[in-house]
2 protein chains.
Amino acid sequence: MKALASALRILDEFALRNEPLGVTELAERLGIQKSNVSKVLSTFRDNGYLYQDPITKKYLVGLNAFALGNNYINSNRLSRVSLPSMRKLVDDTGHSAVVSVMQGGDVIHVLAVEGRLFVDGRWRVGLWMPYHATSAGKVLLAFGAPNQLDYLLKTRGLPYVTAKTITDQRKFRNVVQKAEKNGFAISRGETLPGSSALAVPLFDGSPFAVATLGLICPEHLLTDEEADRLLPALQKCAREISLRLGAGTYPFGH
Amino acid sequence: MKALASALRILDEFALRNEPLGVTELAERLGIQKSNVSKVLSTFRDNGYLYQDPITKKYLVGLNAFALGNNYINSNRLSRVSLPSMRKLVDDTGHSAVVSVMQGGDVIHVLAVEGRLFVDGRWRVGLWMPYHATSAGKVLLAFGAPNQLDYLLKTRGLPYVTAKTITDQRKFRNVVQKAEKNGFAISRGETLPGSSALAVPLFDGSPFAVATLGLICPEHLLTDEEADRLLPALQKCAREISLRLGAGTYPFGH
DNA sequence: ACGGTCTGTTTCCCATATAGAAACGGGATA
DNA sequence: TATCCCGTTTCTATATGGGAAACAGACCGT
């Protein structure tokens, strides 16, 4: 199904960059014929998956894609199980709670409940984040398949994101090891300056973490003391979700 | 682009029904060859747009579709403009605020901010709702292209949804006319028993409403008096958003 | 255990839809 | 008004996707 696959490669660009995209730039970037890109995009448009700005003629994500994507949440067991516990966690801590998963070395927040202590709106559900710049990524590697970390370091490296992003492989391995030992990881302004996060793993009975549960805070608020204070509530919530997901036990906190 | 279009028809089923779908049932429902459906679905799967349950072998929405869909919100001007005002509205009223649009006679909630007075989780962002069973649909028809109502009544009718859904065409026309006169509409348990909503139009400078702003409440709370009490805040918020969207004036409230 | 009957997947081949090159048309810019 | 750039359309050879049927594997009730 070559035609469909290449059409999806085009669509992927809209998943990665959230900005209007034109035929020519997509054709160049992907090395596909302009005429072909145009036909693919107009078909997506005619079916509601893309929307074409009538003035600029550029394309952006359409309503059907939106409706489809939201069914991920609705049909997803993880989401159904996590939401109620997350709400409690947010009430208790005041911070925003977020559940994240990893695919192909990218982390994505699948579910968030906003807290009172509001960060800025730029960390958002549904955005792909680099694996090495998020607390969720560190935890997922610490509790993921053992060769995954090596593989990612080799194929992706540790690209610069912000001034605080870890770009040294030794250091990153240490951070992941510590996460495995302690059962949590922190990132401080490594994805987005001013925004920090604290994450713990979620298990479903399989040996590896399926997701993480995290709290997002303004960077200046997430001191080590505050992290210590938040950790028990976070772990309690993670245990609750994990047990409901089918895990026999939750190995951290009590 | 026939192949892609038919692949998207298959994908549409996942946008409409949020449940695992199998090859055979899709092939039958859409009148497409089983082998073809299988190839299409596996291609979507290989590209992350669908996920295949390893046990049941059925397919459901995948992470890439989720990421793509969320970019609708991120790249959408309506969302960016509305969110801050919605947060204030929720703080003021306690109810959940929601922005909805219509496409092809179906209403979809594109954005919601949860309130303290919590309804149940079954009204959800990203789900298609019938035009006649929501306050948003009534408002969008009242302030939409004039022939749209006739067209929808002729082609779609007023199917039964709940015991309270309006199924009489005269009555529905009256409700829409009243919405046009008053600048708001209400639905009480017409989509989902126990859940009511109050909606007003949003304008962007074009003659027709582009979206609605609504408040979702538990049905027993949305008395006529409560609606009267909520309306000024709702209209103030709608005016704020409309002006920022490019409307010259907002014709209701003050 | 064992057919029978559901799944989802693979194979095969021919008709046809598709990718590609180039031409077209329409806005913007100068 | 002429030039540029962009999205769309045209045209044709060829690769490719769609259809029929065979395959494989899980599940069922004997």
Side-chain angles (χ1 to χ4, degrees), chain A residues 1-14 16-65 68 71 75 77 205-206 246, chain B residues 1-14 16-65 71 75 205-206 246:
Chain A
M1 205 103 285
K2 202 167 149 187
L4 179 53
S6 98
L8 292 181
R9 264 185 57 221
I10 297 175
L11 202 57
D12 279 341
E13 291 298 312
F14 289 89
L16 291 172
R17 343 200 163 221
N18 55 341
E19 57 190 357
L21 295 173
V23 171
T24 308
E25 62 181 306
L26 283 171
E28 282 172 5
R29 185 177 303 155
L30 299 172
I32 307 178
Q33 196 71 10
K34 237 172 46 160
S35 67
N36 193 7
V37 173
S38 173
K39 280 182 268 189
V40 168
L41 292 183
S42 64
T43 306
F44 277 129
R45 181 212 333 111
D46 295 343
N47 289 73
Y49 285 85
L50 293 177
Y51 167 80
Q52 187 173 28
D53 186 306
I55 296 164
T56 66
K57 300 285 184 183
K58 287 184 184 250
Y59 289 84
L60 14 81
V61 179
L63 258 185
N64 258 357
L68 177 68
N71 279 1
S75 65
R77 186 142 166 280
S206 69
Chain B
M1 205 102 285
K2 203 168 149 185
L4 179 53
S6 97
L8 293 180
R9 265 183 57 221
I10 297 175
L11 201 57
D12 280 340
E13 292 297 313
F14 290 88
L16 291 171
R17 342 200 164 222
N18 55 340
E19 58 190 357
L21 294 173
V23 172
T24 309
E25 62 183 305
L26 283 171
E28 282 172 3
R29 185 179 302 155
L30 299 172
I32 307 179
Q33 196 70 10
K34 235 175 47 160
S35 68
N36 193 8
V37 172
S38 174
K39 280 184 268 188
V40 168
L41 291 184
S42 64
T43 306
F44 278 128
R45 184 217 325 116
D46 295 342
N47 289 74
Y49 284 86
L50 292 178
Y51 167 81
Q52 186 173 29
D53 186 305
I55 297 163
T56 67
K57 300 283 184 183
K58 289 185 184 251
Y59 289 85
L60 15 81
V61 179
L63 258 186
N64 258 356
N71 278 0
S75 65
S206 70

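Labels below follow one simple rule: chain letters A, B, ... track the order of the sequence lines, proteins then strands, and each chain is numbered from 1.
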Visitor: Between dT7(C) atom P and K58(B) atom NZ, what is the distance in whole Å?
Guide: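 Interatomic distance, NZ of K58(B) to P of dT7(C): 8 Å.
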Visitor: Among dG7(D), dC12(C), dG20(C), which nucleotide sits nearest the side chain of S38(A)?
Guide: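 So the nucleotide nearest the side chain must be dG7(D).
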Visitor: Let me confirm one number: the CG-CE distance from N36(B) to M1(A), rounded to the nearest 0.5 Å.
Guide: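 The CE atom of M1(A) is 5.5 Å from CG of N36(B), to the nearest 0.5 Å.
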Visitor: Rounded off to whole Å, could you give me the CG-to-C1' distance for the N36(A) and dT12(D) pair?
Guide: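 Result: 15 Å.
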Visitor: If I take atom NZ from residue K58(A) and atom OH from residue Y51(A), how far apart are they, to the nearest 0.5 angstrom?
Guide: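 The OH atom of Y51(A) is 15.0 Å from NZ of K58(A), to the nearest 0.5 Å.
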Visitor: To the side chain of S35(A), which of dG18(D), dA21(C), dA19(C) is closest?
Guide: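 The listed nucleotide nearest to S35(A)'s side chain is dA21(C).
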Visitor: Measure from the side chain of Q52(B), starting at C-beta and using heavy atoms only, and say which of dC6(D), dA22(C), dT9(C) lies closest.
Guide: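 Among the listed nucleotides, the one closest to the side chain of Q52(B) is dT9(C).
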Visitor: Rounded to the nearest Å, what distance is computed from the CG atom of residue L60(B) to the P atom of nucleotide dG8(C)?
Guide: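 Checked: the CG to P distance equals 13 Å.
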Visitor: Would you say T24(A) reaches dG7(D)'s phosphate, i.e. side-chain N/O to OP1/OP2 under 4.0 Å?
Guide: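 Affirmative; the distance criterion is met.
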Visitor: Please report, rounded to the nearest Å, how far the C1' atom of dG8(C) is from the CG atom of L21(B).
Guide: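 To the nearest whole Å, that distance equals 14 Å.
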Visitor: Using heavy atoms to find the nearest nucleotide of DNA chain D for I32(B) and V23(A) separately, return the residue whose nucleotide is more 5′.
Guide: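 Comparing both residues, the 5'-ward one is V23(A).
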Visitor: From the set dG19(D), dG18(D), dG20(C), return the single nucleotide nearest to any side-chain atom of Q33(A).
Guide: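 From the listed options, dG20(C) comes nearest.
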Visitor: Side chain of K39(A): nearest nucleotide among dG18(D), dT10(C), dA19(C)?
Guide: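 In terms of side-chain proximity for K39(A), the closest of dG18(D), dT10(C), dA19(C) is dA19(C).
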Visitor: With rounding to the nearest 0.5 angstrom, report the CG to CZ distance, L8(A) to F44(A).
Guide: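 CZ of F44(A) is found 5.5 Å from CG of L8(A).
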Visitor: Here's a test of your reading of the structure: between S42(A) and M1(A), which maps to the more 5' nucleotide of DNA chain D?
Guide: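 Result of the comparison: S42(A).
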Visitor: Taking atom C1' of dG8(C) as reference, at what distance in whole Å does atom CD of E25(B) sit?
Guide: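 Atom CD in E25(B) sits about 12 Å away from atom C1' in dG8(C).
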Visitor: Out of curiosity, L21(B) CG to F14(B) CZ, how far, rounded to the nearest 0.5 Å?
Guide: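 Answer rounded to 0.5 Å: 4.5 Å.
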Visitor: Has K2(A) got a side-chain N or O lying under 4.0 Å from the OP1 or OP2 atom of dT16(D)?
Guide: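 Result: yes.
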Visitor: Taking CD1 from I55(B) and P from dG25(D), how many angstroms apart are they, rounded to a whole number?
Guide: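 These atoms are roughly 18 Å apart.
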Visitor: To the side chain of K34(A), which of dG17(D), dG7(D), dA19(C) is closest?
Guide: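 The answer is dG7(D), which lies nearest to the side chain.
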Visitor: Could you state the NZ-P distance from K57(A) to dT9(D), rounded to the nearest angstrom?
Guide: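 Rounded to whole Å, this separation is 10 Å.
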Visitor: Report the distance from atom CD of E25(A) to atom CD of E19(A), rounding to the nearest 0.5 Å.
Guide: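 So the gap between those two atoms works out to 7.0 Å.
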Visitor: Rounded to whole Å, please give me the gap between CG in L26(B) and C1' in dT7(C).
Guide: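 Going from CG in L26(B) over to C1' in dT7(C) covers 13 Å.
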Visitor: When you measure from the side-chain N and O atoms of R45(A) to the phosphate of dT8(D), is any distance below 4.0 Å, counting only OP1 and OP2?
Guide: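 Yes, because at least one side-chain N or O of R45(A) sits under 4.0 Å from OP1 or OP2 of dT8(D).
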Visitor: Within the pair Y59(B) and dT7(C), is there a side-chain N or O less than 4.0 Å away from OP1 or OP2?
Guide: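 Y59(B) to dT7(C) OP1/OP2: no side-chain N or O under 4.0 Å.
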